[in-house]
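Notes to accompany the following structure.
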Protein chains: 4
Amino acid sequence: MKPVCLVIGAGAGIGGTVGAKFAREGYHAVLCRRSDEDGLNKLVEGIRSEGGEATGFLMNALDESSIEDRVAHVEKEIGPIEVVIYNLGAQIGDRTLADTSYKAFEMGWRLATFGLFRLAKTVTPYMEERGGGKILVTSATASVRGNAGQHSHAAAMGGRRLLCQTLNAQFASKGIHVAHIIVDGAVDAPDTLGKMLGPELFQKLRDTRGAQDGLLQPEKMAETYYHIAQQHRSVWTHELDLRSYSDTAWWNHD
Amino acid sequence: MKPVCLVIGAGAGIGGTVGAKFAREGYHAVLCRRSDEDGLNKLVEGIRSEGGEATGFLMNALDESSIEDRVAHVEKEIGPIEVVIYNLGAQIGDRTLADTSYKAFEMGWRLATFGLFRLAKTVTPYMEERGGGKILVTSATASVRGNAGQHSHAAAMGGRRLLCQTLNAQFASKGIHVAHIIVDGAVDAPDTLGKMLGPELFQKLRDTRGAQDGLLQPEKMAETYYHIAQQHRSVWTHELDLRSYSDTAWWNHD
Amino acid sequence: MKPVCLVIGAGAGIGGTVGAKFAREGYHAVLCRRSDEDGLNKLVEGIRSEGGEATGFLMNALDESSIEDRVAHVEKEIGPIEVVIYNLGAQIGDRTLADTSYKAFEMGWRLATFGLFRLAKTVTPYMEERGGGKILVTSATASVRGNAGQHSHAAAMGGRRLLCQTLNAQFASKGIHVAHIIVDGAVDAPDTLGKMLGPELFQKLRDTRGAQDGLLQPEKMAETYYHIAQQHRSVWTHELDLRSYSDTAWWNHD
Amino acid sequence: MKPVCLVIGAGAGIGGTVGAKFAREGYHAVLCRRSDEDGLNKLVEGIRSEGGEATGFLMNALDESSIEDRVAHVEKEIGPIEVVIYNLGAQIGDRTLADTSYKAFEMGWRLATFGLFRLAKTVTPYMEERGGGKILVTSATASVRGNAGQHSHAAAMGGRRLLCQTLNAQFASKGIHVAHIIVDGAVDAPDTLGKMLGPELFQKLRDTRGAQDGLLQPEKMAETYYHIAQQHRSVWTHELDLRSYSDTAWWNHD
């Protein structure tokens with residue numbers, strides 16, 4: 001039975017691509033996403049056509065017990081969850097405070113912060129019993145600084161970053177590696193950036209900036225995710241940033 | 001009509017003391033706290049006996065519309081809210097992940113993060129229309145780093161810190177001064193630390209460490225809160241730390 | 001004999017103005033600057049004409065023993081140094097790496113980092129013997145992040161910031177308050193910004209942005225410097241930022 | 001002709017081991033260290049005995065032109081410098097301010113900060129002309145916070161960290177990848193930790209904490225150094241931390 005790499009938030013960008021990388025390296029990729037069954041099936045079949053193992057589930061992480069039940073089911077029916085990729089974002093674009101509803105603010109927290117808390121509470125007992133595991137959390141610039149219009153996103157991601165630190169403080173010594181990966185730039189991701197921009201603008205961005213490697217490429221990101229998951233326990237990375245060579249770092253101005 | 005200093009979270013420690021300081025300086029202090037009507041009345045009467053103006057309200061910030069209705073009522077019946085002291089904490093002591101319930105985690109966020117969001121959405125339109133205002137947010141070490149057992153607290157305060165940055169990014173240029181005050185040490189506060197420790201231990205701590213100024217004294221903190229609220233708009237402080245001379249800074253080890 | 005406020009780097013902007021504030025509050029201001037004897041005399045006379053005490057010295061902090069001898073002399077002849085304002089900057093404008101000479105890089109360090117180290121080594125024994133003192137260090141955005149063209153400045157100020165933390169770690173418990181004040185914006189300072197821009201451009205900036213309080217005003221900054229120096233030892237601030245309400249914080253983009 | 005991996009500070013710990021890793025991957029390792037010719041020869045021969053290419057040089061980085069001449073010589077005689085590992089430290093143990101001499105403080109800066117500046121000024125023109133290169137800088141906890149007794153070390157490393165950010169800001173878009181690697185823990189390094197502790201204590205530490213992977217293992221660190229050097233330019237990491245699973249992160253207390 002292969003170890004499982006469970007991906008929470010498996011679109012055609014980071015989540016699906018990282019899952020495929022782990023599948024190529026010998027994991028059973030369990031891909032969970034909220035919607036688009038066709039897209040999900042395509043990801044699963046893509047992995048299988050390469051000889052890898054994968055299973056896909058539609059799952060709305062906002063639903064009560066959704067994450068909890070999925071973890072229990074995977075552990076029972078598919079295999080031991082050795083790696084989790086927590087990839088749910090909460091970016092809703094820039095909105096003024098007046099335009100950010102209570103509901104939007106709460107949803108950001110439910111997806112980005114509370115969902116990770118639920119996942120961690122559910123999966124760490126399995127990992128701890130087996131002596132180890134890895135929880136890799138995709139994060140964003142908004143986890144390290146607030147910016148105009150990012151009321152919901154920054155509050156959610158800022159909370160998530162410190163949650164990763166509390167998890168690390170409790171679980172590192174028990175063999176559970178928690179890593180916080182700050183994605184500081186636009187990702188070449190059709191299911192997130194692509195949908196935000198629409199097909200035409202997205203293609204144009206790919207043809208210009210993307211053609212110069214100015215968009216983060218998910219297959220290349222996956223190399224680093226996999227590297228972190230393989231680090232020897234004497235040399236774990238808790239936090240790192242990822243950005244294109246042509247992007248300005250968040251702490252600098254153009 | 002005096003300008004109002006609205007204190008959300010007005011115990012006998014930071015909140016009540018800062019309110020009293022502003023009352024001495026000419027504000028009408030509106031003190032809100034969840035429980036202990038006697039304690040509240042004592043704070044209000046203390047201010048009045050010095051010749052200051054104060055009004056007290058019991059208010060559970062978790063209740064729907066509680067903050068919103070209070071702001072509307074104060075603006076209509078008491079005076080223009082020039083200063084808000086947001087002083088609700090979410091410290092529940094160190095708990096392992098297993099011992100931190102979903103409810104506790106959510107409550108931390110509701111008090112420390114969402115409450116500030118609700119307050120800001122409600123009060124900034126008034127302030128913006130008047131060309132200015134001040135929102136001073138009491139914060140904690142947990143806003144800048146997670147630590148073992150602080151799952152709920154660090155996630156809530158880390159989100160709150162970045163929320164303060166997003167508020168600052170949108171509202172500073174409109175004359176609304178948002179300040180994030182990192183309290184990095186134990187405060188000589190009977191209603192929080194005192195209740196956590198119990199009367200005997202608390203008195204003992206006061207007699208030893210407190211006698212050497214090793215506990216942050218609320219009356220002295222109030223001086224700095226007031227100073228920040230008076231800073232000229234060409235020289236605003238967004239973030240600062242406060243700790244006793246005898247304490248080790250959070251980034252150092254003993 | 002009045003306590004002394006020693007200002008290292010006393011131009012007509014922050015240094016001289018903070019010195020004058022402390023003189024008004026009862027200190028003997030000792031103003032040190034590298035050049036412009038007329039400018040120095042004007043500052044000293046300005047203080048005296050208000051009834052304050054002040055003495056001025058031309059001093060090149062790069063000269064061997066300059067800071068050391070000045071401290072010894074002041075302690076012996078003028079009074080006990082209770083407060084130091086370390087105000088030497090090392091901003092030389094943006095320069096590419098190729099255009100930043102070894103000499104310029106070293107000079108940045110000598111003024112901004114090594115000079116503070118020399119000052120601290122010299123003055124802390126006096127302060128420690130008397131049970132306390134204050135060292136307020138004017139700092140810059142470059143102390144918290146590097147940026148293009150800031151090779152010398154950021155390296156020097158980044159080192160200085162952590163030096164302030166090491167000084168705080170050793171000396172806070174001995175009653176010596178070290179504060180690191182991050183000035184995140186352009187200051188209305190004729191001797192630094194004024195000289196960098198030239199008289200015409202500087203006047204124009206004052207008439208536009210300055211007229212809207214978009215330049216930090218030294219007299220207003222001095223209020224905060226003085227407040228920090230008066231904080232009770234149970235509530236010391238080690239670090240804070242100062243910027244105009246209309247400026248974007250360094251961690252945000254326009 | 002193989003591309004060169006130039007290691008400045010090549011002891012038997014991180015520097016030599018990372019050099020050997022790059023040699024195994026097809027680079028010519030050029031190892032520079034101040035002293036111990038026998039130790040240097042052993043590292044070089046170790047690499048050659050595995051079939052790799054290596055050259056060793058004794059070099060005192062404090063000597064004028066030492067780094068500059070070495071770079072020029074390597075470029076002319078050995079091969080194009082594609083990767084630099086800047087591995088010079090400045091840790092001298094904890095010393096009070098009184099016990100930290102001007103000379104020690106300056107030496108820290110010369111090795112940790114100025115040396116990197118000299119290296120960068122010398123090597124970036126070659127890299128820029130070739131369209132790219134990598135500068136990997138080994139760093140320490142002292143680069144992100146000062147601590148008691150770390151006056152020299154923290155000032156030097158804090159400056160170095162921001163220098164890395166300025167280099168990144170200027171050179172990333174030109175294809176030069178600058179990475180700042182924060183080593184947050186004790187390394188199993190005979191030439192640094194080993195010499196600080198003496199042979200007996202060091203062996204004991206290895207037999208206890210080291211046997212539990214509680215010391216960072218240089219061969220495992222080398223995997224991450226190599227990974228960073230191989231990152232696709234659309235996904236570069238500028239900063240990451242490395243620590244043993246059993247160590248407490250610097251921002252936490254035991």
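What you see is a predicted model; the values in this text were computed from it and never measured. Side-chain atoms are counted along with the backbone in the values below, which use heavy atoms only and exclude waters and symmetry mates. Naming: A, B, ... by sequence-line order, numbering from 1 per chain.
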Report the distance from atom [atom1] of [X] to atom [atom2] of [Y], rounding to the nearest 0.5 Å.
| X | Y | atom1 | atom2 | answer |
| --- | --- | --- | --- | --- |
| C:I182 | B:T237 | CD1 | OG1 | 10.0 Å |
| B:E219 | C:S234 | CD | OG | 8.0 Å |
| B:L162 | C:W251 | CG | CH2 | 10.0 Å |
| B:N252 | C:T166 | CG | OG1 | 9.5 Å |
| B:H227 | C:Q231 | NE2 | CD | 8.5 Å |

Given that the side chain runs from C-beta out, which part of C:H232 has a heavy atom under 4.5 Å from chain B: side chain, backbone, both or neither?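 When you check distances to chain B, only side chain atoms of C:H232 fall under 4.5 Å.
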Is it true that atom NZ of B:K42 has more than 12 heavy atoms of other residues, nucleotides or ligands lying nearer than 6.0 Å? no
Should we say atom CD of B:Q203 is surrounded by more than 12 heavy atoms from elsewhere, each under 6.0 Å from it?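 Counting neighbours around CD of B:Q203, more than 12 heavy atoms of other residues, nucleotides or ligands fall under 6.0 Å, so yes.
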Under 4.5 Å from a heavy atom of chain C, the part of B:Q217 involved: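 Both backbone and side chain of B:Q217 come within 4.5 Å of chain C.
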Less than 4.5 Å to any heavy atom of chain C: does that hold for the side chain of B:L216, its backbone, both, or neither?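 Interface part for B:L216: both.
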If you compare all heavy atoms of C:E239 against all heavy atoms of B:D241, which two are closest, and at what distance to 0.1 Å? N-OD1, 3.0 Å
In terms of heavy-atom pairs under 4.5 Å, which option from C:L242, C:L240, C:V235 contacts chain B the most?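 When all of C:L242, C:L240, C:V235 are compared, C:V235 has the most.
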Choice from B:G185, B:A249, B:A172 maximising heavy atom contacts with chain C below 4.5 Å: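 Top option by heavy-atom pairs under 4.5 Å: B:A172.
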Which is it for C:R233 and B:K220 under the side-chain contact (heavy atoms from CB on, under 4.5 Å) test, yes or no, and what are the steps along the way? CA-CA 9 Å; C:R233 67 176 184 165; B:K220 307 303 187 184; over 6 Å; no
